[in-house]
Undergrad: 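Just dropping this structure here.
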Amino acid sequence: MCGIVGYIGNRDAFPVVLNGLKRLEYRGYDSAGIALYDGTDIQMCKTQGKVADLEAKIQQNMPTKGTLGIGHTRWATHGVPNDVNSHPHYSNSGELVIIHNGIIENYASIKKELKKRGYTFTSDTDTEVLVNLIEDIKINEKVKLGKAVQIALNQVVGAYAIAVFDHNKPDEIVVAKLGSPLAIGIGDDEFFVASDATPFIEFTNNAIYLEDEEMAIVRRGREVKVRKIKGDSVVVPYVQELQLNLEQIEKGGYDHFMLKEIYEQPSVIKDTYRGRLLSDQGIIKLGGLDEYIEKFTNANRIIIVACGTSWHAGLVAEYIFEDLARIPVEVEYASEFRYRNPIITEKDVIIAISQSGETADTLAAIKLAKEKGAFVYGVCNVVGSTISRETHSGSYTHAGPEIGVASTKAFTTQITVLTMIALRLAKVKGTISQSDYMMHLHELETIPAKVEEALKSDENIKKISAVFKDARNFLYLGRGYNFPVALEGALKLKEISYIHAEGYPAAEMKHGPIALIDEQMPVVVIAVNSNHYEKVVSNIEEIKARKGKIIALVSEGDTAVKELADYVMEVPITPEALSPLVTTIPLQLLSYHIAVMLDRNVDQPRNLAKSVTVE
Ligand code: AGP
């Protein structure tokens, strides 16, 4: 996620903004920049790289006077990471300067219109479009900056937290918020604006958190003025006295990044389909896919290469692609694929899935596939990562930085992208009825709310975790779409609690694993509404007959399984193809709470790295 910081008051702005950016580094970023008003002109410096690189660059060639400044750490969404695409961005006149966290979905149409009016652009970003839209309105409607920002934001679609100032009115900063966080720190005749309170908590713990579709003008020597962006009504802001410390703020008030990222899933799943899933028009727009759609529809097969959790997302995709788009799919561990001299032809499409975009085995698999003439499509979370640059095309997940080593929101956003690809292909190939296609589009839009609902079982899952935290082994069972979720649930438990766990297709029990069942063995069974439901109930009865302890994951309103299970976790009902997006949630929480109760290092488990960039 990008980070924004701004300061206006009586101090030197530069050290406040620079240290503020350092405080936001935990959010993950690829570039950084600062703009200062030195009393006469705007001074700006920005660079791809770290805040330390920015600081070094500023020390070489930028005056750092001035009591007004803004700064930005960029997590690229539009435009690869480089100096030009870094923020802040000037308007064409050089009089306005902006920083932005979020995505302007309709920036392309706005940019086209502004170009017709003679505006030019130096970057590929949506942000530079926004600052020139504001300038165009300010000039043509002859309004002040605040009004121009308000009019402009009524024309954009997307998510934003912005800070913008005008060279001609250097006694104010205009900020606005929709979908991305924005906090205003209130000091003694000084104001701070930032993505969260970490940049200003050392100066003041009085803060206003803007609500969605609110904007504010912070002006030297004046009260903060907050108003609605639509309708213009004045808002009486609620000034909070923050009790959080720095570390708590970085984790959004959660005890661990992993828990924060589990709870971010409703919003990042929405961010991932935002602007791509247009259910009212019945279309799915995936820029990276549209020009290569024939590669997929004419492919002999799709081979998915990935590691770990991303490999589990690939297994879910195998069910979705074959079920809906009727395209043969093989899912391969990248580490095996790269060495087994696989048979690959030009008629094969490879999908490489990777959160970090830096996993060595996955990268090697991509290179091998390209050498053999296959088309390679990437599903990555990090814009400009090596894998995203090595693949012929791809679609990004918009999960934001995933700090916890155990992958959670990356998994659900990967499945979101893969589901959109499968639905798009099924529609083109005519392998899905219009009603089924539209049902899946509308149901996909209900997933964020269903994940929110699934998260409400947290307390119940915490109680279950307390019962089983000392178990030595776990079994996770699932069928169909939820067999990969059983594997993923077992991996989550293994990697953060250090308890041995195995995922299995539920029907496989009778081919050996049932010998493991006794009263010491907790068995997590995914038994949501599905074509296999009756069979899973039989599997549960087999386990119960051997005194296994059953933790069942069921659909809301289930009765049959509740009679049999020792413990039950409920999720909202979803179409089978979308069920992994909700069934994985209780399993993430189960592993998290057990690990916390065992006092494990949840965010950095022993022996693990967030990105395995070596073999
Ligand atoms: C999952 O919780 C692990 N952190 C790990 O298995 C991870 O999914 C795997 O290393 C692949 O990483 P990638 O998605 O960044 O390629």
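Quick note: numbers below take in every heavy atom, side chains included, and nothing from hydrogens, waters or symmetry partners. We count ligands from 1, going down the list as the structure has it; atoms in each ligand are counted the same way.
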Undergrad: Report yes if Gln414 has an N/O atom closer than 3.5 Å to an N/O atom of ligand 1; otherwise report no.
TA: no
Undergrad: Would you say Thr359 and ligand 1 have an N/O pair spaced under 3.5 Å apart?
TA: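 Among all N and O atoms of Thr359, at least one is under 3.5 Å from an N or O of ligand 1.
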Undergrad: In this structure, which one of Val524, Ile550, Ile464 forms a side-chain contact (heavy atoms from CB on, under 4.5 Å) with Tyr567?
TA: Ile464
Undergrad: Under 4.0 Å from any heavy atom of Ala406, which atoms of ligand 1 are there?
TA: 2 (O)
Undergrad: List every atom of ligand 1 that sits less than 4.0 Å from any heavy atom of Ser310, numbering the atoms from 1 in the order shown and giving each element.
TA: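 Once the distances to Ser310 are compared, the set is 8 (O), 13 (P), 14 (O).
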Undergrad: Should Val405 be listed as contacting ligand 1, given a heavy-atom distance under 4.0 Å as the test?
TA: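 It does, in that a heavy atom of Val405 comes within the 4.0 Å cut-off of ligand 1.
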Undergrad: Show which atoms of ligand 1 fall inside a sub-4.0 Å distance from at least one heavy-atom site of Thr309.
TA: 1 (C), 2 (O), 6 (O), 8 (O)
Undergrad: With a cut-off of 4.0 Å, which atoms of ligand 1 are near a heavy atom of Ser407?
TA: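 Taking each heavy atom of Ser407 in turn, ligand 1 has 1 (C), 2 (O) under 4.0 Å.
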Undergrad: Could you check atom 2 (O) of ligand 1 against the protein and tell me its nearest heavy-atom contact, residue, atom and distance included?
TA: Glu495 OE2, 2.5 Å
Undergrad: Going by distance alone, is a donor N or O of one side chain under 3.5 Å from an acceptor N or O of the other, for Tyr377 and Thr391?
TA: no
Undergrad: Give the atom numbers and elements of ligand 1 that come within less than 4.0 Å of a heavy atom of Lys492.
TA: 1 (C), 2 (O)
Undergrad: Looking only at protein heavy atoms, which one is nearest to atom 6 (O) of ligand 1, and how far off is it?
TA: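 Going by distance alone, atom 6 (O) of ligand 1 is nearest to Gly308 CA, 3.2 Å.
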Undergrad: Quick check: do Lys492 and Leu590 have side-chain heavy atoms less than 4.5 Å from each other?
TA: no
Undergrad: Which distance, rounded to the nearest 0.5 Å, do you find between the OH of Tyr273 and the CG of Leu278?
TA: 11.5 Å
Undergrad: Just by modelled atom types, is the Val376 backbone N or O under 3.5 Å from a matching donor or acceptor in the His392 side chain?
TA: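 Side chain of His392 to backbone of Val376: a pair is present.
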Undergrad: Ignoring hydrogens and angles, tell me if any N or O in the side chain of Asn85 forms a donor-acceptor pair with the backbone of Val80 under 3.5 Å.
TA: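 Answer holds: yes.
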Undergrad: Can you label the angle between the Tyr333 ring and the Trp311 ring as parallel, tilted or perpendicular, going by 30° and 60°?
TA: parallel
Undergrad: Looking only at protein heavy atoms, which one is nearest to atom 11 (C) of ligand 1, and how far off is it?
TA: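 Checking every protein heavy atom, the shortest distance to atom 11 (C) of ligand 1 gives Cys307 O, 3.4 Å.
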Undergrad: Name the closest protein heavy atom to atom 10 (O) of ligand 1, giving the residue it belongs to and the distance to 0.1 Å.
TA: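 Residue, atom and distance for the closest contact: Val612 CG2, 4.0 Å.
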Undergrad: Does the side chain of Glu556 come within less than 4.5 Å of Glu453's, by heavy atoms?
TA: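 The answer is yes, as the side chains (C-beta and beyond) meet within the 4.5 Å cut-off.
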Undergrad: Under the salt bridge (Lys or Arg N to Asp or Glu O under 4.0 Å) rule, what do Asp53 and Lys50 come out as? Steps first, then yes or no, please.
TA: CA-CA 5 Å; Asp53 303 318; Lys50 294 302 176 193; over 6 Å; no
Undergrad: Yes or no: does Glu358 have any heavy atom under 4.0 Å from an atom of ligand 1?
TA: no
